[in-house]
Amino acid sequence: MRLVTWNINSVRLRMPLVEKLAAEENPDIICLQETKVQDKDFPEEPLRALGYEHLLYRGIKGYNGVAILSKTPLTNPISHEWTGKADGRHIAGTLESGLEVHSLYVPAGGDEPDRTINDKFGHKLDFVDEMTDWFPANRASDKPIILVGDLNIAPLESDVWSHKKLLKVVSHTPIEVEKFTAAETAFGWVDAMRKVTPAPEPLYTWWSYRARDWRAANKGRRLDHIWLSQPLADKIRDVRVLVDARGWEKPSDHAPVLIDLD
DNA sequence: ATGGTCGGTTGCCGA
């Protein structure tokens, strides 16, 4: 089974890139974040035409929004309202194999890493705290689950271009890394990207639009993640960041991440 | 210390 996760930054604007991804890699499942489309406007027809006939999505007007595109049936849709908000950050469904797929978009958290002056940072921390409680409490530990998406935190030193320079930059602050690690520990799952490419090998999935030459500067961060529950831990065949997609015409600022599972 | 670029609820806000 081949699955790709991608923060697409507007699915309607970047439909040609979804087509290119489908043509080049032919994933069975594509999980999207930042679709930026409300449900009534979701582009079902062009996605069905690509072979993704089974679609789950949850979006609001203008921002956020997540989706799962599948060639085979998806049942039992779930969308948890994290921190009590129905803001299009989570969709999940179950494949015929019994594998449960979650597409998640954790809040970016704004610019200032201080919840007393920045509500968005507080929202992000509360969101990760709720993940830490929700998954272990609501999902059996022997169930095959893949959780993917833009988690908006780069936890390891080698997940950012400069650990020292990013210590006060939202996405890599100590409090975020602490909460992210607490979630990983509570889940007891596997970081599939780092199982295939262990630290300290640099590994990034996002490069800012603001760089003159993103590839030459390579000031990246690993904000997108693939977590596997224990029953899937020894099923990994390969994981790749599709870095070239960051250089396609009119790109997202995130690269897709691909996993092949037995 | 600053500004740099995107997309959409556009002339701002969120990223």
Side-chain angles (χ1 to χ4, degrees), chain A residues 5-21 31-43 46-47 57-67 81-83 85-90 103-115 117-128 148-155 159-162 164-173 175-176 180 204-225 242-257:
Chain A
T5 181
W6 196 6
N7 178 321
I8 187 88
N9 189 14
S10 173
V11 66
R12 288 177 293 179
L13 188 70
R14 280 184 243 289
M15 192 60 64
L17 276 62
V18 178
E19 287 175 23
K20 188 171 167 68
L21 173 72
C31 295
L32 299 174
Q33 302 85 35
E34 279 205 86
T35 54
K36 294 189 173 178
V37 60
Q38 57 190 330
D39 290 347
K40 72 179 180 69
D41 296 327
F42 193 84
L47 292 169
Y57 45 85
R58 197 58 59 99
I60 58 172
K61 211 172 194 179
Y63 58 103
N64 299 349
V66 290
E81 296 184 357
W82 304 91
T83 71
K85 297 178 201 284
D87 59 354
R89 293 186 179 276
H90 178 230
S103 179
L104 190 65
Y105 178 50
V106 172
D111 288 331
E112 202 59 52
D114 178 351
R115 69 179 308 155
I117 57 171
N118 172 15
D119 289 342
K120 286 186 275 192
F121 193 68
H123 178 217
K124 181 180 196 174
L125 298 181
D126 292 345
F127 192 108
V128 177
V148 302
D150 179 3
L151 305 187
N152 263 317
I153 295 172
D159 290 336
V160 293
W161 66 276
S162 168
K164 277 183 82 170
K165 284 196 167 70
L166 289 174
L167 276 171
K168 292 178 179 172
V169 175
V170 172
S171 72
H172 192 63
T173 64
I175 181 73
E176 290 170 273
F180 187 96
Y204 312 142
T205 65
W206 174 89
W207 294 262
S208 172
Y209 282 128
R210 294 175 185 172
R212 258 198 313 273
D213 183 339
W214 68 273
R215 204 189 287 268
N218 197 25
K219 293 184 173 178
R221 306 178 203 170
R222 185 169 71 109
L223 302 180
D224 302 274
H225 297 269
L242 305 180
V243 177
D244 286 349
R246 179 62 180 79
W248 290 351
E249 193 172 345
K250 292 276 281 174
S252 168
D253 45 358
H254 293 252
V257 187

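All values reported here derive from a predicted model rather than from experimental measurement. Convention: sequence-line order gives letters A, B, ...; per-chain numbering from 1.
Residue A:Lys250 places no side-chain N or O under 4.0 Å from the OP1 or OP2 atom of B:dC6. For B:dG7, one of the phosphate oxygens OP1 or OP2 lies less than 4.0 angstrom from a side-chain nitrogen or oxygen of A:Arg14.
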All N/O contacts under 3.5 Å from nucleotides 13-15 of chain B to the protein, with atom names and distances to one decimal?
residue : atom : partner  : partner atom : Å
B:dG14  : OP2  : A:Lys120 : NZ           : 3.4
B:dA15  : N6   : A:Arg210 : NH2          : 2.7
B:dA15  : N1   : A:Arg210 : NH2          : 3.3

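The same atom, C1', is picked in B:dA1 and in B:dC12; the two are 25 Å apart, to the nearest Å. A distance of about 23 Å separates the P atoms of B:dT2 and B:dC6, rounded to the whole Å. On the C1' atoms, B:dT10 is 15 Å away from B:dT5, given to the nearest whole Å. Here, B:dG7 and B:dG3 have their P atoms 22 Å apart, quoted to the whole Å.
Protein atom CH2 of A:Trp207 is 19 Å distant from nucleotide atom C1' of B:dG4, rounded to whole Å. Residue A:Lys168 contributes atom NZ, which lies 14 Å from atom C1' of B:dA1 at whole-angstrom precision.
A salt bridge links A:Arg115 to A:Asp126: at least one charged side-chain nitrogen sits closer than 4.0 Å to a carboxylate oxygen.
Residues A:His254 and A:Trp6 keep their aromatic ring centres 6.0 Å or farther apart. If you look at A:His225 and A:Phe180, their ring centroids are closer than 6.0 Å.
Every residue meeting the side-chain hydrogen bond (donor to acceptor under 3.5 Å, both in side chains) condition with A:Asp41, not counting sequence neighbours, appears here in chain and number order: A:Gln38.
In terms of heavy-atom proximity, A:Asp253 sits nearest to A:Tyr209 at N-OH, 3.2 Å. Nearest heavy atoms, A:Ser252 versus A:Leu17: N-CD2, 4.4 Å.
Annotation: of the two residues near DNA chain B, A:Ala211 and A:Ser10, the 5′-most nearest-nucleotide partner is A:Ala211.
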